[in-house]
Number of protein chains: 2
Amino acid sequence: MISALGHALLGLLAREPTTGYRLTRLMDRDLAYFWAAKHSQIYPELARLERDGHVRHTVVGGAGPRPTKRYELTADGRRALVEWLATEPEPTVERDPTLLRVSSLWLLEREAARAVVGRVRRLSTERLALYERFAAEFDSEPAASDPTAPVFATRATVEMGIRSQRARLDWCDWLDQRLA
Amino acid sequence: MISALGHALLGLLAREPTTGYRLTRLMDRDLAYFWAAKHSQIYPELARLERDGHVRHTVVGGAGPRPTKRYELTADGRRALVEWLATEPEPTVERDPTLLRVSSLWLLEREAARAVVGRVRRLSTERLALYERFAAEFDSEPAASDPTAPVFATRATVEMGIRSQRARLDWCDWLDQRLA
DNA sequence: AATGGCATGTAATGTGTTACATGATTCG
DNA sequence: CGAATCATGTAACACATTACATGCCATT
């Protein structure tokens, strides 16, 4: 069985073979807003994927005490990835600390409650600006409109990020009005 | 330190003292779409909250091999909850298996890719219908518009759920067009 | 008499974060 | 020469899921 993180790594390696270190940075940059992982989780997962024959590595130098490993998909790994893509999507288990706070908002005075909403709005505004910068960056690449190009898929996930944040900002307005 | 789950439980107990079993069902019904937890996680967490003085229990019978316990907030627990509400919101770490799939969508043929989007749409449509039923239910209670009533806060979180799903459905249209 | 809901717990395993540990290369 | 970046790993801990375990009470 391949974990969600495993599928994330296979997906990145399908784009381009690379090192665990660079996978860590890629996840931080490209996937962080929908799937986060630290290097301490990524290195063992790569080892497991290799043990199960989904990836293989070649040593490409040694910038430190240990060898630098370049990972790539095996034919089997690629097959497993494509198969998974077509399976039924597992329902998202949301864990939203903001909604957790809001679910107890009735305990606060009006002004304090509005302050909470204000903080949510600020955080969302920042996120939205970030995602919109990402989107502009990706749109400047011609391949962004080609459904078989990796950047197309990345652009699509950023679009969802943007729409999520816009929805959240609209919701802040809705809530704020009701607290007026 | 109180965990996120701890805050969720304190929030529910602030509404009404009750048993661990009913907290499990409440979370499943009212919070599941933004904070999920099984009973095997809830019982130990209640014990920890009690050890730290945030809740206390009284035995109210024994519908089984062990005593049935009714938990309620202590003054200290209520204070801790209200204080946490006003703290800076921790940025949501998204873990969205749907976006994980979409980030590798470029690997698929056009028809297969559209099928993936179709499955996402179906799931979202179902969710939206569910949340809209919840919303209608809550709106039928007069207190739903009173910001100091618990049902107001629940209604607000459902509103966010509805807006999220609508945003996701719109995004499915956006994606589908680009895959046409 | 069987089924389902009420009720509480533990054990094993899986997933994710923080902290510890090491050392080469490159740029200023 | 110092700082940042490249690079890989392990250990300890926290959080979450699945499976195991028990037994009363009410309804059909």
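Numbered from 1 within each chain, the chains take letters A, B, ... in sequence-line order. Basis for what follows: all heavy atoms, side chains included, without hydrogens, waters or symmetry-related copies.
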Is B:R133 paired with B:E137 through a side-chain N to carboxylate O contact shorter than 4.0 Å? no
Between B:H39 (NE2) and D:dC20 (P), how many Å, whole number? 13 Å
Whole angstrom is fine here: how far is it from CD in A:E94 over to P in D:dA16? 14 Å
Within the pair B:Q41 and D:dT17, is there a side-chain N or O less than 4.0 Å away from OP1 or OP2? yes
Under 4.0 Å between a side-chain N/O of B:Y43 and OP1 or OP2 of C:dT8, yes or no? yes
Quiz item: B:T68 side-chain donor-acceptor pair to C:dT8 base, under 3.5 Å: no
In whole angstrom, what separates B:L46's CG from C:dA7's C1'? 13 Å
Are OP1 or OP2 of C:dT15 and a side-chain N or O of A:R48 less than 4.0 angstrom apart? yes
Measure distances between side-chain N and O atoms of B:T19 and base N and O atoms of C:dT8, and say whether any donor-acceptor pair falls under 3.5 Å. no
For the pair made of CG in B:L23 and P in C:dG9, what is the distance, rounded to whole Å? 12 Å
When all nucleic acid strands are considered with a 4.0 Å heavy-atom cut-off, which category describes A:S40: base, sugar-phosphate, or nothing? base
Find the distance B:L49:CG to D:dC15:P and express it as a whole number of Å. 12 Å
Taking OP1 and OP2 of D:dT17, is either one under 4.0 Å from a side-chain nitrogen or oxygen of A:R95? yes
For B:W84 and B:H7, take the angle between the two ring planes, folded into 0 to 90°, and tell me which bin it lands in: parallel under 30, tilted 30 to 60, perpendicular over 60. parallel
Given atom CZ of B:R70 and atom C1' of C:dT8, what is their separation to the nearest angstrom? 17 Å
Could you state the atom-to-atom distance from CD1 of B:I42 to P of C:dC6 in whole Å? 15 Å
Check whether any side-chain N or O of A:Y21 sits under 4.0 Å from OP1 or OP2 of D:dT8, and answer yes or no. no
With no hydrogens and no angle check, do the side chains of B:R15 and B:T154 hold a donor and an acceptor under 3.5 Å apart? yes
Quick check on D:dC6: is either OP1 or OP2 less than 4.0 Å from any side-chain nitrogen or oxygen of A:R25? yes
Would you mind checking if A:R101 and B:E88 are paired as a salt bridge, meaning a charged N to carboxylate O distance below 4.0 Å? no
Return the orientation label for the B:H39 and B:Y43 ring planes: parallel under 30°, perpendicular over 60°, tilted otherwise. perpendicular
Rounding to an integer number of Å, can you tell me how far A:M1 CE sits from C:dG14 C1'? 12 Å
A:K38 side chain near C:dA19 phosphate (N/O to OP1/OP2, under 4.0 Å): no
When you match B:P44 and A:A4 each to their closest nucleotide on DNA chain C, which lands nearer the 5' end? B:P44
